[in-house]
Peer 1: 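What follows is a structure written as structure tokens; I'll ask about it next.
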Amino acid sequence: MKKISTLLIGLLLAGTPLQTYAFHDLAVSDHYVQDVLDRANQGIANSQSAASVSDFHFVFFNWLSQLTGVFLELVDTKLRIVEYQRDLVNITACYHYDLILMEEEIELVRQEILTAFEEKRIGDIFRLQSLARFLNARYNQLIRGGTDPLYEDEYYHWLYSFDEDGWCCNKSEGLNCVLGDRVTCLQNKGNPLASWKSCEAHSCDKPDPEPEEQIMCPFHSDYLPPTGAGYGCDLGILNDIADGGRVYAVAERDGMAAFIDARDDFLNNVDYIRDITLAILTSLGRDTSDIQDRLDDFLKGRESERTHRTRIGCNRFDGDVLEAARIDTDTPNEFPKGAARIALRGPFNLSKNEPALLHGLFYQLRAWGALREQADYLKFPNEYIDGSTEFTDAEARESILGSSKSFIRWFMRDYFKRWNIEQMGEEATAIMQSTDAQLQITTMLKPLRTVMRDFSRYASKQEVGARKFTRGLGWYLRRSCIYRTCTKQLDHILKINFKDVCFPYTDGSFVGNPTHHEMCRSAAKVTEGIE
Amino acid sequence: MMHYTPIAIGLSLLLQAAPVHALDATLYERIKAFTLQEAAMKEAEKPIEEFLAKIYPDSLIELEESDVDKALQKRDSEICRTEDDDKPDNPTYCQGYRDQVIDLVRRNTWLRMQIREWQYITGGYEIGIDSYPGRTVAIASRLPSILKIWQADTAVQMSPFVESKARGVVFDDPAAMETKFTTLETALTALDESGDKEDKEKLIAAVWRYRNGHQRIVASADCDAGQDGKGDGTELQFMTARWCDVEDALLDIYADTSAVVFDPPLNTGELALFPIQEFEDLNIYVWTRQDDVGLGWEVPVDNILPSLDCSDSYETPEECVDGAILGGTYPGELEDPEAGTMLCSHPFDKSGYLCRDRVSAVCPPILDTEVTDEQILLTGCKAPNLLSSQRRTESGPNMCQEGGWRSFTEGPTIAGASGPEAFVDTPGEEVDVDPGACSNCYVDLVCGCTGTPQEGLSAPKGYDESGNPTNPNRIKTCIGGIGKNSRYLIIHEVVHAQQHCNLPPGYENGWVESYDTTEGCCATEYQAYLASCGAMAEDGILPALGYSIDVCAAAFSDFSCGGPGSCSDFGNNPDLDAQIIYDETTQYIEDNYAEIGLPDTCEEAVNNLDPRAQKMINSMPLVCSPDCQTKFLNTIGNNLCFIGQCVEQSLEGHKLIPGRWTTTVQGENFPYESEAGKDPNLGAFFLSSPDLSVPFPPYRPYTLVQELDNALCQVNGLPKLFPPIKCAFDVRRRLSRQTYNLLATWQSLNDQPLEQQLEHHALSILAPGVGSRIGTNVYLLYFSTAVRAFEEIMHSTDDLLKGLGDVNFPTEMCERIVDI
């Protein structure tokens, strides 16, 4: 696999001119992948005009290594083979599609480098190498964060040599960092920086006011498996992708359409079961409210009753427009309700895809481990509620913290964080093997609880069920038995019937208590035997 | 460390390990010794010692077999002998050397321990039900009485399988046989290669090899002396190996038993069982039948573990390296034996689910049990070989209607006789017969009134074969006059009589509906042929031809309903053809009627009515009519027949609710009662009892192991490879593909182990987790059904208690003095 990838991405550089992969389809993720592709296309356009040199030898001693090296770097086993091979059968077609678009863009850059090499445009070669690394980094981010709404691409806004602009820091002119044309900046002997956050490190002032940059998260709910709630890579999205005419996209769409047709036919065929079930239960005098919801849910799966929903980036609400920058008091982001990260079965599993599910669980637990709270003495002030006593104390503590202690604290926080992650990972064993089984059984027993509760009530409460009947019958007979010998026995029965302590049958209070009947006897005041 | 671990996991799949155990002792002590030594890890089993010496990976040090136990016991000074140049004298190095040995033993032992545990578990469950007549623990001898208690007599007659027959016989010359058994015992004892340590691999394999007899093995090829006791060098080599001495001894015993002349001769398909011979010291017994001789385990605790040693094998396949068999190669599957042979030839086992299809009319596909090539479905349900339904009734289930389950009580009488005179059927016509108050019909068997002498015909009730009215209670049953198959024709036609007995007379009432479509015809005829084919099977005809009852019934139905292919559906089975089945059966009867004891003519068949047919005629009266007796053998099944028929008769014939007709009529007797109030019982009935059937869970260990291999290889970014050891981490990876500068190369080299460390850790957690989850799912599959059933019962209980509480008592007192 590795060798094949190498062959595809790297070594073909030395081969004959390749076909062009420049498709003009739109990515599923407009806010991230499409943005990356647009920026990369602009980067390619910006890398067409460097001056040609007459001879390479002054610049590249080993030009083949220099050119192929950047692509060999991309042959990252973990990213392209390990992660992707496993994902191959587990992620959705929409996710695949965007990843393929990114790969095609990398291929485009590779071809551009070849052209630049043939035309001896050294400056463009460097720019395109930077672009290739940028694309690979975004590819990595997409794999890591495509299905995680909490994952942030921190370096997305950094500007590189293939970009037209940069944060220009020109000390000689005493300027603040300003966003401007990269070439002009260089011509003025300035230094175009990737981010305004590094201005101070280069002895320039940060721009004032600081620019508001969008928090960029690669997440897109269309990458998730389709669910009844409306999220995920469903037929509508696959239709859009298939419009591009790619064979595999059309095949995916047709497959999904056939599957949905078959499923909807089935659901339409069993539609009548809902009414029949309710009719039977109603005629039997059963409460139907609980099952009614379940029956409704079951039939709601039909495509005609499903509305597509989208959640993108780090948004807290549905919609296809990115929210404005978050402030601290905003509610935190969370995984959209009703969406699923891993399909229960997936396209290649009839039974539950346990390996994929548990693999996901393991990493989810580790992610939660990273979010565990630190000990109080290691916390930053902003980890407390603003204005609280703890916040004030922490700020006071912070103000007297020297650099060495600060370093130690950083070290210890990092140490404990890693420890927390490891610990949660280890806990996965117990959760998978014991807690999970327990939970499944508990869930399964849920419907039994209602009937057992009713049973307990009818068997032991005075105003309903057996005791009410006994009371009614006893009193009826008692009135009918005046001055007869049965009176005494009926009195006994009624006295006992009126005392709750005599009916411990479903609360278990008699367990381990061999004299429980004495409590009943004394409460009901039936000390003498029944004759 | 991290890149060793995948190798180690791979090895644990590759290398099959075994525990050590001590002296022969009682069964309990033996199992205990296994377990103790597996846990204590102080000694390695002999095959593991030999294996480790061959595969020990450290090329600098030579590992000797005797070093393995020393390593386990941490006798470092003895392992690392300073005077020996080959051995390390550095204590640290020595410890690593020793730990490596311990680790390898542990992994091998773990695997062998698992395999043995499976054997214990299966053995523990099956010892009570896997049996051969005559053994200490044998259900076989108790089974007939258990079956008898449960079965209804109709089930015996109408079920599509035939009980196997067996006969117990003794040896002609027990003393001579004793010598032969001793020879066999000696041959078996010679396979025990135990020395200081136990090594019974070949003995164990030989017992399993001949467990189901030696005849088919011997017939496949002569025992090659060059391959005697040797395998083909694969893990499964002893599953197909041969032991010539053992075979010779078995053949010697067979030479005597096969020559025995039985009196009376054995029927077709009947087995003769000789006494078993036990070799108590070996925990082995020898079973002997007239057609085969084989071995068996008294208590099956030993099993064939995957072979580790190929130094003595007659072939050297790819996985055989330096005399050691490297695992993880997934040897090809062993072929299944032919139907009815080997395991399925035993008298008890042949009725088990592995050996026969469960034919059932209601045969829905079992959910979640789609079987792929990689899965094993233990059993399933086979629908009858019919294109359409197999039974059609006029109203309700008509329980136990076809077939016979009763003894004679009231029968028809001669009409017009001065006193009660029992009707005795003759081959002629009897019209003046009174069926009696207990029955709606009587059967009149008449010979020679059909179109052809080979056929039978049951006319509609009250009419003769030409459509002319006759006694309205008479079912005229015509049987061909000269056929040798009269016995079966009668059984067949009596089933038709049973189908129509309780219907009103005439063609319009049920008879036409049964035959106006091919589907109706097939459903009606199939039941009748099930009875006659069942009788043919019982008489040895079908077993001799190799056809099952339901195949026979389906094929014969074709000829009553339009010709081959009208009813039967044999799929694409080239061995089944309705015409051939029909012809062969007819010819067999023609050729062998005397041996079978079939009557020559119809007259003879009617005058000496087959008891099965008589029982069916006995079963025609209604069971729940007042003043009518019903007599039957007291079995659970027969009682159920009685209760079921009685309930049906009540629902169909009695007026259960005032003002309403019976269930089947669904009319209204008294129109004015339509104004009556709501049925007070509405909502008071319970749900029917819950269905407790559960699907078999998919059993797919092979797929799971493959998934694990796959995951293992993915950690290193490789596709699935065999053996999994090939997926080991390759340290030269980055060196062979350098990046654009040395710094990046160095960084990549540095990061290499981290890449897989986490994934690898995840995998080690994941594997038992997946197993646990799948186990939980299997448990839930069964448990959830029970919970649903329990919930339903509790719901009904709640309804009862609630209803009790809702009773309103009158406010008036009972009258103390009542005038009557």
Side-chain angles (χ1 to χ4, degrees), chain A residues 1-2 6 10 65-66 68-70 72-73 75 77-78 80-82 85-86 280 283-286 350-352 354-355 357-359 361-363 425-426 428-429 432-434 436-437 440-441 444-445 447-448 451-452 454-455 458-459 463-469 472-473 475-476 479-480 482, chain B residues 368 370 682-687 698 700 707-708 711 714-719 733 737-741 744 748 755-756 758-759 761-762 765-766 768-770 772-777 779-780 783-784 787-788 790-791 794-795 797-802 804-810 813-814 816:
Chain A
M1 182 62 81
K2 165 98 177 177
T6 312
S65 168
Q66 201 45 254
T68 57
V70 67
L72 282 171
E73 272 179 78
V75 188
T77 306
K78 181 169 172 55
R80 290 189 191 281
I81 313 294
V82 177
Q85 180 172 317
R86 185 168 36 240
I280 290 172
S283 72
L284 289 167
R286 293 277 166 81
L350 276 176
S351 47
K352 277 187 196 167
E354 300 290 4
L357 289 171
L358 295 189
H359 193 265
L361 175 69
F362 176 70
Y363 281 99
E426 294 299 328
T429 312
M432 287 170 187
Q433 294 190 41
S434 53
D436 180 58
Q440 289 196 60
I441 291 167
M444 195 186 57
L445 290 174
L448 194 59
V451 292
M452 289 308 288
D454 287 348
F455 176 70
Y458 290 129
E463 68 281 4
V464 286
R467 282 177 74 187
K468 186 183 173 198
F469 174 77
L473 181 65
W475 181 238
Y476 172 72
R479 283 185 298 138
S480 304
I482 296 171
Chain B
D368 213 15
E370 290 290 323
L682 190 64
F685 296 116
F686 293 148
L687 282 179
R700 42 190 199 114
E707 279 180 14
L708 188 65
Q714 279 177 345
V715 170
N716 285 312
L718 293 166
R733 192 181 60 176
R737 274 179 280 279
Q738 291 182 22
T739 56
Y740 68 102
N741 69 32
S748 178
E755 279 183 19
Q756 290 110 358
L758 181 59
E759 270 310 316
H761 184 53
I765 285 179
L766 196 69
V770 169
S772 161
R773 287 265 300 180
I774 289 169
T776 307
N777 285 342
Y779 174 67
L780 290 179
F783 193 44
S784 62
V787 166
R788 275 202 302 278
F790 185 54
E791 181 198 346
M794 290 312 298
H795 225 129
T797 315
D798 287 353
D799 288 348
L800 262 179
L801 287 173
K802 184 173 182 294
L804 269 180
D806 290 344
V807 171
N808 287 318
F809 291 95
M813 282 169 57
C814 291
R816 293 189 61 195

Peer 1: With chain B as the partner, which of Met452(A), Glu463(A), Arg467(A) has the greatest number of non-hydrogen pairs under 4.5 Å?
Peer 2: Met452(A)
Peer 1: List the atom of His359(A), the atom of Leu766(B), and the distance in Å for their closest heavy-atom pair.
Peer 2: N-CD1, 3.3 Å
Peer 1: So for Asp436(A), is it side chain, backbone, both, or neither that comes closer than 4.5 Å to the heavy atoms of chain B?
Peer 2: side chain
Peer 1: Relative to chain B, which of Ala428(A), Pro447(A), Gly425(A), Ala466(A) shows the most heavy atom pairs under 4.5 Å?
Peer 2: Pro447(A)
Peer 1: Under 4.5 Å heavy-atom distance to chain A, tell me which part of Val807(B) shows up: side chain, backbone, both or neither.
Peer 2: side chain
Peer 1: Using a 4.5 angstrom heavy-atom cutoff, name the option from Lys802(B), His795(B), Glu791(B), Met794(B) with the most pairs to chain A.
Peer 2: His795(B)
Peer 1: Chain B: which of Leu361(A), Leu445(A), Leu448(A) shares the most heavy-atom pairs with it under 4.5 Å?
Peer 2: Leu448(A)
Peer 1: Can you tell me how the ring of His761(B) sits relative to the ring of Phe362(A), calling it parallel under 30°, perpendicular over 60° and tilted otherwise?
Peer 2: perpendicular
Peer 1: Could you report the tightest heavy-atom contact between Asp798(B) and Val451(A), atom names first, then the distance?
Peer 2: OD2-O, 2.8 Å
Peer 1: Roughly how far apart are Met432(A) CE and Thr776(B) OG1, rounded to 0.5 Å?
Peer 2: 12.5 Å
Peer 1: Mind listing the closest non-hydrogen atom pair of Gln433(A) and Pro768(B) along with its distance?
Peer 2: NE2-CB, 3.4 Å
Peer 1: Can you tell me which portion of Asn777(B) sits under 4.5 Å from chain A's heavy atoms? Options are side chain, backbone, both or neither.
Peer 2: side chain
Peer 1: Spell out, as yes or no, whether a donor-acceptor pair under 3.5 Å connects the side chain of Ser784(B) to the backbone of Leu780(B).
Peer 2: yes
Peer 1: Who wins among Leu357(A), Ile441(A), Val464(A) for the most heavy-atom pairs under 4.5 Å with chain B?
Peer 2: Ile441(A)
